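Because the structure is a prediction, the values reported are computed rather than measured. Protein chains get the first letters and strands the later ones, always in sequence-line order, with residue 1 at the start of each.
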2 protein chains.
Amino acid sequence: MQNYQDMLKSSTLKSTPQRLAILSTINSKGHATIEEIYSDIKESFPSISLATIYKNIASLKDEQIVSEVCNHDKPKFEITKEPHAHFICKKCGEIEDIDFSKAITKEIDKRYPNSYKELYIYGLCSKCSKYN
Amino acid sequence: MQNYQDMLKSSTLKSTPQRLAILSTINSKGHATIEEIYSDIKESFPSISLATIYKNIASLKDEQIVSEVCNHDKPKFEITKEPHAHFICKKCGEIEDIDFSKAITKEIDKRYPNSYKELYIYGLCSKCSKYN
DNA sequence: TTCTGTGCAAATCTTTTGCATGGCA
DNA sequence: TGCCATGCAAAAGATTTGCACAGAA
């Protein structure tokens, strides 16, 4: 895996401290909302503007460097990786990446070739199910 | 299948002309955004307010009479039915209901019992793929 | 110098809330 | 009468836009 600087350079986007900060925040959280990214970066980078986050998330999505995860709530963003499924906790909203099983992937590809798939599984995460 | 009036009566919600109109609009479109529901109903019901649509969609969701379909864009709503997957056209945004295969359902239930699943498949719908 | 990216402020859109009114049990 | 639902208007929140400035190629 290349580093973020290289990923940006091989896209149409320039590498800037703000963009690197956005990517590293998303990476360290796994999945983050705009607001989370903003407040996280603001600590080490007080002058950053919310508009910069919005603009950059839009361009990073265009370049497919980050992807949006749809969770019926605030959209969250992740670094684009191999297609995978998401387990979303319906209590706390935490998102975990899980693997598509081969069976599922094959099944879908057979019926819908050339399609992009997203699978969401909603349940209680291990933390939340402890208190239930 | 019972009619909407009965569905409402067996919930905590009263049956009102506005609610019936919302349900029948969603039903006839299959999947509709707030804006689509609003402008559709406004024709036959000019005095209806957007706030009424928002409030009712929220309560109808609480009662699980309608469900939200996550499509990375404007949320769309459908009448709640058996769990099923969605095919979303990445060009025009149209949503089609498709069946979960038994294989997929079983596979997921084995690994994630008591979970609710959503499967989205993104591709080009038949209309859009004609012009591609 | 030129171009892209940034940050601020304003503008726009979307959604929610408060409140007075209306209608039904 | 007592509720709940509606519609309006205002408020709040989220996102986008315009513009001037800064920094890197």
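For the pair B:Ile57 CD1 and D:dA5 P, the interatomic distance rounds to 15 Å; values are reported in whole Å. In this structure, CD1 of A:Ile41 is placed 11 Å from P of C:dT6, rounded to the nearest angstrom. Computed from coordinates, the A:Ile22 CD1 to C:dT6 P distance equals 7 Å when rounded to whole Å. Residue A:Phe77 contributes atom CZ, which lies 8 Å from atom P of D:dT15 at whole-angstrom precision. Between the NZ atom of A:Lys61 and the C1' atom of D:dT15 there is a distance of 12 Å, given to the nearest Å. Rounded to a whole Å, the CG atom of A:Leu50 is 9 Å from the P atom of D:dT15. In this structure, A:Lys55 atom NZ and D:dT15 atom P are separated by 15 Å, rounded to whole Å. Spacing between atom CZ of B:Phe45 and atom P of D:dT6 amounts to 8 Å, rounded to whole angstrom units.
Cysteines B:Cys70 and A:Cys70 are disulfide-linked, with SG atoms closer than 2.5 angstrom.
Considering only the side chain of A:Thr52, C:dG7 comes nearest among D:dG7, C:dT16, C:dG7. Proximity note for A:Arg19 (side chain, C-beta onward) versus C:dT15, C:dT6, D:dT16: the nearest is C:dT6. The nucleotide whose nearest atom lies closest to any side-chain atom of B:Ile48 is, among C:dT15, D:dT16, D:dG7, D:dG7.
B:Ile104 and B:Tyr122 sit in two unconnected hydrophobic clusters of ILVMFWY residues. Membership requires side-chain heavy atoms under 4.5 Å apart, directly or through other members.
For an aromatic pair to be called close, the ring centres must be under 6.0 Å apart, and B:Phe87 with B:Tyr120 fails this.
Of the inter-residue distances, the one linking A:Ile65 atom CD1 with A:Ile79 atom CD1 reads 8.5 Å to the nearest 0.5 angstrom. A:Phe77 CZ to A:Ile53 CD1: the interatomic distance, rounded to the nearest 0.5 Å, is 11.0 Å.
At least one side-chain nitrogen or oxygen of A:Asn56 sits closer than 4.0 Å to the OP1 or OP2 atom of C:dT6. Contact between the side-chain N/O atoms of B:Lys14 and the OP1/OP2 oxygens of C:dG23 is not found at any separation under 4.0 Å. Remark: A:Ser49 is not in phosphate contact with C:dT6, judged by side-chain N or O atoms under 4.0 Å from OP1 or OP2. Between B:Thr16 and D:dT6, a side-chain N or O to OP1/OP2 separation shorter than 4.0 Å is present.
Mapping B:Lys42 and A:Ile34 onto DNA chain D by nearest heavy atom places B:Lys42 closer to the 5' end of the strand.
Residue-level contact check: B:Gln18 touches the backbone only, with heavy atoms under 4.0 Å from sugar-phosphate atoms and none from bases.
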